[in-house]
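First the structure, which I've put down as structure tokens, then a few questions once you've had a look.
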Amino acid sequence: MPDDVTDTGKSPTVTAAAPAAPVLLEARGLVRHYTSGGPFGIGRGRATVRAVDGVDLALRSGSTLGLVGESGCGKSTLTRLLLALDRPTSGTVRVDGRDLLGLPRSELRRRRRDIQLVMQDPYTSLDPRMTALEIVREPMDVHRAPEAKHSRSARARELMEMVGLDPDHGHRHPHQFSGGQRQRLGIARALALRPRILLCDEPVSALDVSVQAQVMNLLKELQRTFGLSYVFIAHDLAVVRNIADEVAVMYLGRIVEQGDRDTVYGRPAHPYTRALLSAVPEPDPRRRGESERIVLQGDPPSPARPPAGCPFHTRCWKSEKVCTEKRPVLTPTEPGGERRVACHFPEND
């Protein structure tokens, strides 16, 4: 035994790893197909649009899941499915293990209070005829919140102050607020029913960069205060990196890579993820040019006519024959690992 170690006769204390937070929101095998075109000779006939084509997601309590991908990849359709505002062609959405789509209408209405939406455009998501206090109070009135009617206005004022707005401006209409203030108003409205989950659909994409940072800091502060869980949907990878604990990359209606933020950003396994990250501007001028810029050729295929095999093979520089014939399955990159990728030839770590 080394001289500097004292034998106490006791076994060394082993600190157990903290258990993972429970899964709060879960999607399994989500599919949403639409029929486009129409009768009477309009267009080229009917076609099936595969907006969401088999998505598995899990959001843990108190964490943020970032969902990224190009415009048109199915992010907003997936949001509607998670909110149970649209019914999937197949698959399930569960909150606390209960399938939302199998609930009676009255129970589904109660469950919707747990999941609220922060919309993309603060200019069009607020009713221009309503005052700020009326906008924040409306969900409480519609869902018959437990607060007495005379207490709901006080609660609305409290929420305005919580998101950094002056409650004395509650009589103002949306056009009398700036864009960032309008988005804060939308966040206050989303919090009115004391939800557990916020689905944030591109919540800062319509804002100036400096205002984006303020809204992001507000969301993180609210998460710490109330233990909220976020699904944060965006196409800006720099924004997602700032807030997400876990990242899912979506392409043509499917998840092609998912894992914790640092792993996905530091060691991307899917070629599409690598291409997306190569397009993120480097703020440090001394480091510009250090990493390879990958420019994808062509446009994403139409979701009405997806290619056979891997959906990314038409733009992938690593594509081989198997990629054109066999659809890759989202599988762990290593046994028991948390990071999953749908690629026949993933990048090496």
Side-chain angles (χ1 to χ4, degrees), residues 24-25 59 76 79-87 93 95-96 98-204 206-207 215 218-219 221-223 225-233:
L24 182 57
L25 173 67
L59 173 67
S76 293
T79 302
R80 293 181 58 83
L81 295 175
L82 295 178
L83 284 164
L85 294 176
D86 193 4
R87 298 192 69 85
V93 177
V95 176
D96 279 336
R98 298 195 64 184
D99 184 3
L100 287 184
L101 304 174
L103 296 176
R105 185 184 295 260
S106 59
E107 178 65 17
L108 176 59
R109 180 185 175 90
R110 287 193 293 271
R111 281 282 173 173
R112 279 208 176 110
R113 298 170 68 171
D114 286 337
I115 312 175
Q116 293 295 305
L117 175 66
V118 178
M119 300 182 188
Q120 176 179 2
D121 189 355
Y123 295 90
T124 59
S125 63
L126 305 178
D127 190 332
R129 300 165 298 179
M130 299 175 69
T131 66
L133 276 178
E134 289 171 340
I135 287 170
V136 178
R137 175 179 163 153
E138 184 181 28
M140 293 183 272
D141 293 334
V142 170
H143 285 265
R144 300 183 179 90
E147 290 90 352
K149 289 186 177 181
H150 67 273
S151 300
R152 293 175 188 171
S153 292
R155 166 74 174 159
R157 290 175 61 87
E158 178 185 339
L159 286 167
M160 286 186 65
E161 186 172 12
M162 195 178 297
V163 299
L165 296 174
D166 187 345
D168 291 336
H169 295 164
H171 64 282
R172 295 184 178 181
H173 290 79
H175 74 273
Q176 295 174 293
F177 293 95
S178 68
Q181 289 173 326
R182 276 192 282 258
Q183 193 59 292
R184 289 172 184 267
L185 196 57
I187 293 171
R189 176 179 59 183
L191 295 174
L193 296 174
R194 295 182 170 86
R196 302 165 67 193
I197 303 167
L198 287 188
L199 299 187
C200 305
D201 187 5
E202 304 265 12
V204 297
L207 306 177
V215 173
L218 171 64
L219 288 171
E221 180 183 346
L222 293 171
Q223 184 175 49
T225 303
F226 299 107
L228 295 168
S229 304
Y230 295 150
V231 177
F232 193 94
I233 300 164

Kindly give the heavy-atom pair with the smallest separation between Val163 and Ile187, and that separation in Å.
-> CG1-CG2, 4.1 Å
Separation between CD (Glu202) and CD1 (Ile233), nearest 0.5 Å, reads 8.0 Å
Nearest heavy-atom pair of Leu207 and Gly180: which atoms, and what distance?
-> CD2-N, 4.0 Å
Partners meeting side chain to side chain contact (heavy atoms under 4.5 Å, CB included) with Ser106 (sequence neighbours left out) = Pro104, Arg110
Check the pair Leu159 / Met162 against side chain to side chain contact (heavy atoms under 4.5 Å, CB included), numbers first and verdict last.
-> CA-CA 5 Å; Leu159 286 167; Met162 195 178 297; 4.3 Å; yes
Could you note down all residue pairs passing side chain to side chain donor-acceptor pair (under 3.5 Å) where residues 111-120 supplies at least one of them, sequence neighbours left out?
-> Gln120-Ser205
For the side chain of Gln176 and the backbone of His173, is there at least one donor-acceptor N/O pair under 3.5 Å apart?
-> yes
Sorted by first residue and then second, give each salt bridge (charged side-chain N to carboxylate O under 4.0 Å, His left out) pair with at least one member in residues 129-143; sequence neighbours left out.
-> Asp127-Arg129, Arg137-Asp141, Asp141-Arg152
Close side-chain approach of Leu133 to Ser153, heavy-atom, < 4.5 Å = no
Any side-chain heavy-atom pair of Val93 and Leu25 under 4.5 Å = yes
Taking everything shown except Glu107 itself, do over 12 heavy atoms lie less than 6.0 Å from its CD?
-> yes
Do you know the tightest heavy-atom contact between Pro174 and Ile135?
-> CG-CD1, 3.7 Å
Tell me, please, which residues at least two apart from Asp166 pass side chain to side chain contact (heavy atoms under 4.5 Å, CB included).
-> Asp168, His169
So CG of Leu191 and CG of Leu222: to nearest 0.5 Å the spacing works out to 5.5 Å
Got Leu82 and Leu59 here, is their nearest side-chain heavy-atom distance under 4.5 Å?
-> no
If you round to the nearest 0.5 Å, how far is CG of Asp86 from OG1 of Thr79?
-> 11.5 Å
Among pairs that include at least one residue of residues 170-196, which meet salt bridge (charged side-chain N to carboxylate O under 4.0 Å, His left out), considering only residues two or more places apart or in two chains?
-> Asp96-Arg196, Glu147-Arg194
What residues, two or more places apart in sequence or in another chain, satisfy side chain to side chain donor-acceptor pair (under 3.5 Å) together with Asp99?
-> none
Do Ile115 and Leu199 have side-chain heavy atoms sitting under 4.5 Å apart?
-> yes
Could you walk me through whether Leu228 and Leu219 pass the side chain to side chain contact (heavy atoms under 4.5 Å, CB included) check?
-> CA-CA 9 Å; Leu228 295 168; Leu219 288 171; over 6 Å; no
Measuring from Leu126:CG to Asp121:CG, what's the distance to the nearest 0.5 Å?
-> 9.0 Å
Residue set satisfying salt bridge (charged side-chain N to carboxylate O under 4.0 Å, His left out) with Arg87, at least two apart, ordered chain then number -> none
For the student: nearest non-hydrogen atoms of Phe232 and Pro203, plus distance = CE1-CG, 3.4 Å
Pro139 and Leu193 have their tightest heavy-atom pair at O-CD2, 3.6 Å
For Tyr123, does its backbone N or O pair with a side-chain atom of Gln183 as donor and acceptor, under 3.5 Å?
-> no
Which atom names give the shortest non-hydrogen contact between Ala84 and Leu108, and what distance separates them?
-> CB-CD1, 4.1 Å
Sequence neighbours left out, what passes salt bridge (charged side-chain N to carboxylate O under 4.0 Å, His left out) with Arg109? Give chain and number order.
-> none
